[in-house]
Amino acid sequence: MGETALEAVLRRDRAVVAAALVVIAVLAWAYVVWLSTDMVMSGALVSDSAAGGVAGMDMSNLDMGSMDMGAAVAPGFRAWASADFVFIFTMWAVMMVGMMTPSVAPMLLLYAGVGRKALADGRPVASTAWFFTGYLIVWVVFSIVATGAQWLLARFALLNPAMATGSAVVGGLVLIAAGLYQWTPIKGVCLRQCQAPIAFLASHGGFRTTAPGALRLGMDHGAYCLGCCWALMALLFVGGVMNLLWIAGIAFLVLLEKVVPTGQLIPRVSGALMVAVGVFLIFPAL
């Protein structure tokens, strides 16, 4: 008897998962690109308005609340409203999806492949989607923390309109801290779990047959991933939270660390460079 269309799709589950991940990553990056472009244009509008004010234009009636969010949340414009927190959280969450989906793809493809084999053997495991959801939950929680950090930096006027620290000393200290973290044992432990999906599964009891179990397994993997990358994400405050080249560079470094079989070499080299650049930024500013 010929196989049904559904059975044919299930036989190509790895391709389906790969296609879904590509779509998710592309949509997330499209949002980040659109938002970055919108913020750049908003920043130019604010600069032009400010220049007009210096030239004698009356800016007392300028309604910053009517401007695009990219300009409105910049320090020195106005305090954050509830909508600003929601906007910034959404920005961080979508950005994390775009940055982290490529690096978790090998784990998800392994999960999908083994899941298909287990189903054929009569031992079905929970859907890959549950594992991925658990993974993303960790980064959503991180996005909440990042939003709070951005609010705090803006509150103390430590961010410029590009959402980067305007202080060479602060930027240098963040670079040095991130660079030193690249050499720590906890970074090494987390990275090894991310570099070897099979070893991660073996050390955590293997695949789960229930949705809650797969969700928890995905959260465990996400926690190791967060342990690898949180310091790198803090660098977004140095180069600019919406600086596309900076975002892409950090995402590429994360991907290299996880998929290129060089052990601790990449994080240690990158960490040394971060410390060197941080020192270079701090000492001329003192």
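For clarity, every value in this text was computed on a predicted model and none was experimentally measured. Just so you know, residue 1 is the first one in the sequence shown, and it goes up from there.
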A.B. asks: Taking T101 for the side chain and G98 for the main chain, is one N or O donor matched with an acceptor at less than 3.5 Å?
C.D. replies: no
A.B. asks: Considering non-hydrogen atoms only, spot the tightest contact between A168 and I282 and give its length.
C.D. replies: O-CG1, 4.3 Å
A.B. asks: Do M96 and V22 share a hydrophobic cluster, counting only Ile, Leu, Val, Met, Phe, Trp and Tyr and linking them when any side-chain heavy atoms are less than 4.5 Å apart?
C.D. replies: no
A.B. asks: If hydrophobic clusters are built by linking Ile, Leu, Val, Met, Phe, Trp and Tyr wherever their side-chain heavy atoms come under 4.5 Å apart, do M95 and V33 end up in the same one?
C.D. replies: yes
A.B. asks: What's the separation between atom SG in C229 and atom CD1 in I250, rounded to the nearest 0.5 Å?
C.D. replies: 10.5 Å
A.B. asks: Which atom pair, heavy atoms only, marks the closest approach of L232 to L253?
C.D. replies: CD2-CD2, 3.9 Å
A.B. asks: Is the closest side-chain heavy-atom distance between W151 and D84 below 4.5 Å?
C.D. replies: no
A.B. asks: In terms of hydrophobic clustering (I, L, V, M, F, W, Y; side-chain heavy atoms under 4.5 Å; direct or indirect links), are L245 and V277 co-clustered?
C.D. replies: no
A.B. asks: How long is the straight-line distance from NZ of K187 back to CG of L180, given to the nearest 0.5 Å?
C.D. replies: 13.0 Å
A.B. asks: Which heavy atom in L217 sits nearest to a heavy atom in Y111, and how many Å separate them?
C.D. replies: CD2-CE1, 4.4 Å
A.B. asks: Within a strict 4.5 Å, meaning less than it, do heavy atoms of the M163 and L236 side chains meet?
C.D. replies: no
A.B. asks: Say whether W183 and Q264, considering side chains only, have a donor N or O and an acceptor N or O under 3.5 Å apart.
C.D. replies: no
A.B. asks: Would you check if W29 and M99 make a side-chain contact, meaning some heavy-atom pair closer than 4.5 Å?
C.D. replies: yes
A.B. asks: Could you tell me the separation between the CD atom of Q195 and the SG atom of C190, rounded to the nearest 0.5 Å?
C.D. replies: 11.5 Å
A.B. asks: Step by step, would you call V104 with F132 a side-chain contact (heavy atoms from CB on, under 4.5 Å)?
C.D. replies: CA-CA 9 Å; V104 77; F132 189 37; 4.0 Å; yes
A.B. asks: Of all the heavy-atom pairs spanning G239 and A164, show the shortest one and how long it is.
C.D. replies: C-CB, 3.9 Å
A.B. asks: Would you say the ring centroid of F89 lies under 6.0 angstrom from that of W139?
C.D. replies: no
A.B. asks: With a 4.5 Å cut-off on side-chain heavy atoms, are L191 and Y224 touching?
C.D. replies: no
A.B. asks: So, do H221 and P197 sit near enough that their side-chain heavy atoms are less than 4.5 Å apart?
C.D. replies: no
A.B. asks: Could you state whether L152 and V241 fall into the same hydrophobic cluster, counting links through intermediate Ile, Leu, Val, Met, Phe, Trp or Tyr residues with side-chain heavy atoms under 4.5 angstrom apart?
C.D. replies: yes
A.B. asks: Considering all heavy atoms of both residues, which atom of A214 and which atom of S127 are nearest to each other, and what is their separation?
C.D. replies: CB-O, 4.4 Å
A.B. asks: How many angstroms lie between atom OG1 of T128 and atom CG of L109, to the nearest 0.5 angstrom?
C.D. replies: 8.5 Å
A.B. asks: Would a 4.5 Å heavy-atom cut-off, applied to side chains only, mark M219 and Y135 as touching?
C.D. replies: no
A.B. asks: CD1/I88 to CD1/I144 distance, rounded to the nearest 0.5 angstrom?
C.D. replies: 14.0 Å
A.B. asks: Distance alone, cut at 3.5 Å: any donor-acceptor contact between the side chains of Q182 and E257?
C.D. replies: yes
A.B. asks: Is there side-chain contact between I137 and L215, with heavy atoms separated by less than 4.5 Å?
C.D. replies: yes
A.B. asks: If you take all heavy atoms of F85 and T147, which pair is closest and at what distance?
C.D. replies: O-CG2, 3.9 Å
A.B. asks: Donor-acceptor pair, T262 side chain versus L265 backbone, under 3.5 Å?
C.D. replies: no
A.B. asks: Set out, in order, the CA-CA distance, both residues' side-chain angles and the distance that settles side-chain contact (heavy atoms from CB on, under 4.5 Å) for L201 and F207, then state yes or no.
C.D. replies: CA-CA 7 Å; L201 290 169; F207 294 89; 3.3 Å; yes
A.B. asks: Linking I/L/V/M/F/W/Y whenever any side-chain heavy atoms sit under 4.5 Å apart, do V145 and L159 land together?
C.D. replies: no
A.B. asks: Check the pair F87 / L35 against side-chain contact (heavy atoms from CB on, under 4.5 Å), numbers first and verdict last.
C.D. replies: CA-CA 11 Å; F87 176 85; L35 194 60; 3.4 Å; yes
A.B. asks: Going from CD on Q150 to OG on S143, what distance comes out if it is rounded to the nearest 0.5 angstrom?
C.D. replies: 11.0 Å
A.B. asks: Would you mind reporting whether F131 and R216 have side-chain heavy atoms less than 4.5 Å apart?
C.D. replies: no
A.B. asks: Is the side chain of K258 donor-acceptor paired with the backbone N or O of S103 at a distance under 3.5 Å, no angle test?
C.D. replies: no
A.B. asks: Given the rule in the side-chain contact (heavy atoms from CB on, under 4.5 Å) test, do L244 and V32 qualify, once you have shown the distances and angles that lead to the verdict?
C.D. replies: CA-CA 8 Å; L244 285 177; V32 171; 3.8 Å; yes
